[in-house]
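Read the numbers this way: they start at 1 and go in the same order the structure lists the ligands and their atoms. Along the sequence shown, residues carry numbers from 1.
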Amino acid sequence: MTTPTTTPPRTAIVTGAARGIGASIARRLAADGHAVAVLDLDHGSCTEVVSQIEADGGRAISVAADVSDEAAVRQAVDRTVAELGTPTILINNAGIIRDNLLFKMAADEWDAVMNVHLRGAFLMTRAVQSYMIQTRWGRIVNLSSTSALGNRGQVNYSAAKAGVQGFTKTLALELGKFGVTANAVAPGFIETEMTAATAERLGMTFEDFKAAVAKDVPVGRIGSPADIARAVAFFVDEDAGFVSGQVLYVAGGPAS
Ligand code: NAD
């Protein structure tokens, strides 16, 4: 029988962690023994997640930052280092949608999505990588989406999420020799405020929208934030060091 390896506690930063998938990832990493910087646009929105983690015996701080703001990202990482220690786990999860058909899409809807998903992931990763390299260990997990394969009304978001995949593979190539892995998780339909907003845009109740989507999912249900947190926890694991540059679709079936 093999003895399971124990994962030493690390310091993690999870962006967009005040709610939805990010909150679930933050709670999961804390439950796995890591100290977690719960990063989102403002402190107030993070306090509930921080309190839940603390109530469960974990360690967390709330960090307010816009991931697309270079100075704010530096301050957020500095604060994490000062209060929780060297960050060696980074989950680039913060995201927004600004859906529209191409012919109606405003340039600022395009820019806003690119700024959060791509510029945000770039700035966060650049700010954190030096700590990973210094430690000779790191785990980066970026949130992509099945929309990377194309999705009507999401020309901005699908381009950003496909971009996240290229970004991830290049990180894996550049950082691998320092013990740092980079992978992407690409969720299908997950029940969060983001998908609730999509239902509203389509003029459907969230319940009807979820039921309609579930019919086309091979496992017959939509996903939960915990489904995604489990996949992220796998990539972060101490024993996942030979898995890098991969995109894992977590969509209840083959992504299409
Ligand atoms: P959500 O809207 O519920 O939560 C996103 C969080 O990101 C919010 O707390 C928001 O405040 C934060 N955020 C937005 N812009 C930010 C910024 N500039 N700086 C810091 N924080 C910022 O979304 P979710 O459904 O939990 O999605 C999380 C991630 O998963 C996103 O990257 C999203 O694109 C991706 N995703 C979601 C789904 C889904 O079905 N929900 C599917 C595929 C991919």
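The shortest N or O to N or O distance between Val67 and ligand 1 is under 3.5 Å. Polar contact with ligand 1: present for Tyr157 (N/O pair, distance under 3.5 Å).
For the side chain to side chain contact (heavy atoms under 4.5 Å, CB included) with Ser244, the lone residue among Leu173, Val180, Thr181 that qualifies is Thr181.
Here Phe242 is tied to no hydrophobic group at all, with no ILVMFWY side chain closer than 4.5 Å.
In the vicinity of Gly20, heavy-atom distances shorter than 4.0 Å reach the ligand 1 atoms 26 (O). Close contacts between ligand 1 and Phe189 involve ligand atoms 40 (O) [criterion: under 4.0 Å to a heavy atom]. Residue contact check: His117 has heavy atoms under 4.0 Å from atoms 32 (O), 34 (O) of ligand 1. In the vicinity of Ile96, heavy-atom distances shorter than 4.0 Å reach the ligand 1 atoms 14 (C), 15 (N).
Atom 5 (C) of ligand 1 has Gly95 O, 3.7 Å as its closest protein atom, hydrogens excluded (heavy atom only). Looking only at heavy atoms of the protein, atom 25 (O) of ligand 1 is closest to Thr192 OG1, 2.5 Å. At the shortest separation from atom 22 (C) of ligand 1 among protein heavy atoms lies Ala94 CB, 3.6 Å. With respect to atom 42 (C) of ligand 1, the closest heavy atom belonging to the protein is Gly188 O, 3.1 Å. If you check which protein heavy atom lies closest to atom 3 (O) of ligand 1, you get Arg19 NE, 3.0 Å. Closest to atom 11 (O) of ligand 1 among all protein heavy atoms lies Asp40 OD1, 2.6 Å. Considering only non-hydrogen protein atoms, atom 18 (N) of ligand 1 sits nearest to Asp66 OD1, 2.9 Å. Of the protein's heavy atoms, Ile190 N, 2.8 Å lies nearest to atom 40 (O) of ligand 1.
Cluster membership check: Val232 shares its hydrophobic cluster with Ile190, using side-chain heavy-atom separations under 4.5 Å among Ile, Leu, Val, Met, Phe, Trp and Tyr.
A cation-pi arrangement, defined by a distance under 6.0 Å to the six-membered ring centre and an angle within 45 degrees of its axis, is absent between Arg98 and Trp110.
Side-chain atoms of Glu174 do not come within 3.5 Å of backbone N or O of Leu171 as any donor-acceptor pair. A donor-acceptor contact shorter than 3.5 Å links the side chain of Ser144 to the backbone of Lys161. No donor-acceptor distance shorter than 3.5 angstrom exists from the side chain of Thr125 to the backbone of Phe122, with no hydrogens or angles considered.
Checking Ser144, Ala186, Ala17, Ser147 against atom 44 (C) of ligand 1, the nearest heavy atom belongs to Ser144. Checking Asn93, Ile21, Thr195 against atom 29 (C) of ligand 1, the nearest heavy atom belongs to Asn93. Looking at Ala251, Gly16, Ala65, it is Ala65 that brings a heavy atom closest to atom 20 (C) of ligand 1.
Side chains of Asn183 and Gln246: no donor on one and acceptor on the other come within 3.5 Å. Side-chain contact check for Asn142 and Thr168: at least one donor-acceptor pair (N or O, by modelled atom type) lies under 3.5 Å.
At a 4.0 Å cut-off, not a single heavy atom of Thr15 sits close enough to ligand 1 to count as contact. For the ligand labelled ligand 1, residue Glu191 lies outside the 4.0 Å heavy-atom shell.
Taken to the nearest 0.5 Å, the OH atom of Tyr131 stands 7.5 Å off from the OG1 atom of Thr86.
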> Can Lys104 and Glu109 be said to form a salt bridge (charged side-chain N to carboxylate O under 4.0 Å, His left out), step by step?
Replying inline: CA-CA 10 Å; Lys104 288 194 282 187; Glu109 291 172 329; over 6 Å; no
>> As a quick check of understanding, evaluate salt bridge (charged side-chain N to carboxylate O under 4.0 Å, His left out) for Arg74 and Asp78, giving each step before the final call.
In response: CA-CA 6 Å; Arg74 280 193 203 290; Asp78 287 351; over 6 Å; no
